[in-house]
Amino acid sequence: MAKMWQGRFKKELDSKVNDFNSSISFDSRMFEEDIQGSIIHVKMLSNQGIISQSDSKVIAKELANIYDDIKSGKVEFDMGAEDIHMFIEQVLTERLGEVGKRLHTARSRNDQVALDLRMYLRKEIDTVVGLIKKLIASLVKKAEENLDTVMPGYTHLQRAQPITFAHHLMAYVEMFKRDMVRLFNCFDLMNECPLGSGALATTTYPIDREFTAEYLGFKGPMQNSLDGVSDRDYCIELASAIATCMMHMSRLSEEVVLWSSWEFKFVELDDAYSTGSSIMPQKKNPDICELIRGKTGRCVGNLTTLLTMMKGLSLAYNKDMQEDKEAIFDSVDTVKLCLTTLTPMIDTMTVLKDNMANAGKRGFINATDCADYLVKKGLAFRDAYKITGALVAICIDKGLTLDNLPLEEYKKLSDKFEGDIYDAISLQQCVQERKVTGGPAPEAVAKHIEKIKNTVLKEYEED
Ligand code: ARG
């Protein structure tokens, strides 16, 4: 296909250079946005008297036909074309002849790529937000079923204090909630329209940038044309929000890997969401979690790619920026894929409550509560801490736990200990007592769940 810019060239472009230069293999996914942008552009051109009403109508109608034809497969992308913008204009001109050539009046491809990518990513943000909400819904459901499921909470992966499985899951709900906010913020910042920036310095035609911005769903036009065509902050911010969300999914995945091991056996993954080994017949592997953990790396890489791509670029557009799309599309595709796989895996996972409770019985996770018992009877915390430490040492020596250490042993270290110590350090009690906002007590977690249901998930139902 002859290049639309061939006027000043004496030779055809080398075919390998053409392939090297071309972006259609990855930017064709923006065909819908490109066509929408062009339709509003020609409407504006005729409103402003820059092209005739009849030309505008013919062009808009044919662009809509091209959209239908691409959708139905009647028109296939030409991989020899330079990019999606050139391709659509070329098809239009082939179909309309002279009239089609008027479409590109008062705009540039730099305009188009900046516009199309913002519009495309706005749509993708909506999709990702919807998928995060689904994941939150499934975590909340599991949490509701496990308000009383006591398990050890960890620091340094050492058993630390008793919590519930609901409390643990709701920590992830908060992370994913913040991811949604980051995506909303990102949407808001990218929601300004670059169209009309031209190649870099707008145009001498009396275009109406407010009109195109409004009809393409933006808050308004971008205020500087150099910035309009050379800003890719929105790709970087989105890649960053996605990398953070992936990091959260990766942490959850890591925990599911641990929890589904024989060492923990806190959960059992559904057969449909785990895989076997080619040689070891007994194996049931959490591949999904491992892949999510692995794919987080490429999303972090995409963010680095974008930051590095931009950091040395003089204003305004430089072809380096064509590299933005593969990186950000990969991040968007990856996060969508991971969210759609993780949610049903969580939904179908069996929680082995007894194993969690048993793990809680070892590791002295009620030691803090034992010290707090003495504090409530008048001791200073540091003294209580020391006595409890000594009790733990005795238990370790005798192969006992604080729950079955005889009362005489307790009394040897402090006469404040009475028979009620055993209730005070029962794991249920330890959890129940942590009922302040944010704590693991079933009543505190239930309140948190209600809050999420009335905010994040309520919006989700209305979607
Ligand atoms: N395919 C290009 C990109 O993705 C479109 C803009 C090209 N503009 C230019 N002046 N070569 O960035």
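Atoms within a ligand are numbered from 1 in the order they appear, just like the ligands themselves.
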Separation between CZ of F31 and CZ of F87, rounded to the nearest 0.5 Å: 10.5 Å
K435/E443 under salt bridge (Lys or Arg N to Asp or Glu O under 4.0 Å): CA gap, chis, key distance, verdict: CA-CA 7 Å; K435 49 180 180 260; E443 61 174 283; 5.2 Å; no
Closest protein heavy atom (residue, atom, distance) for [atom]:
| atom | value |
| --- | --- |
| atom 9 (C) of ligand 1 | N110 OD1, 3.4 Å |
| atom 11 (N) of ligand 1 | R109 NH2, 3.6 Å |
| atom 2 (C) of ligand 1 | Q322 OE1, 3.3 Å |
| atom 6 (C) of ligand 1 | Y317 OH, 3.5 Å |

Whether Y154 and F264 hold their rings parallel, tilted or perpendicular, with breakpoints at 30° and 60°: tilted
Polar atom proximity, K325 to ligand 1 (N or O, under 3.5 Å):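 N/O-N/O distance under 3.5 Å: yes.
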Nitrogen or oxygen of H85 less than 3.5 angstrom from that of ligand 1: no
F218 six-ring centre to R209 NZ/CZ under 6.0 Å and within 45° of normal: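 Geometry flag: not set, cation outside 6.0 Å or 45°.
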Pi-cation contact, Y234 with R118 (under 6.0 Å, within 45°): yes
Numbered atoms and elements of ligand 1 in range of D83, under 4.0 angstrom, heavy atoms: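 Heavy-atom distances to D83 below 4.0 Å select 1 (N), 2 (C), 5 (C).
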For S23, atoms of ligand 1 separated by under 4.0 Å from a heavy atom: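 Answer, ordered by atom number: 1 (N).
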Side-chain donor-acceptor pair present, Y172, E255, cut-off under 3.5 Å: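 There is such a pair between these side chains.
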Side-chain donor or acceptor of S240 paired with backbone N/O of I236 under 3.5 Å: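 Pair absent, no side-chain N/O of S240 close to backbone of I236.
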4.0 Å heavy-atom contact, Q112 with ligand 1: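 Not so, Q112 does not reach ligand 1.
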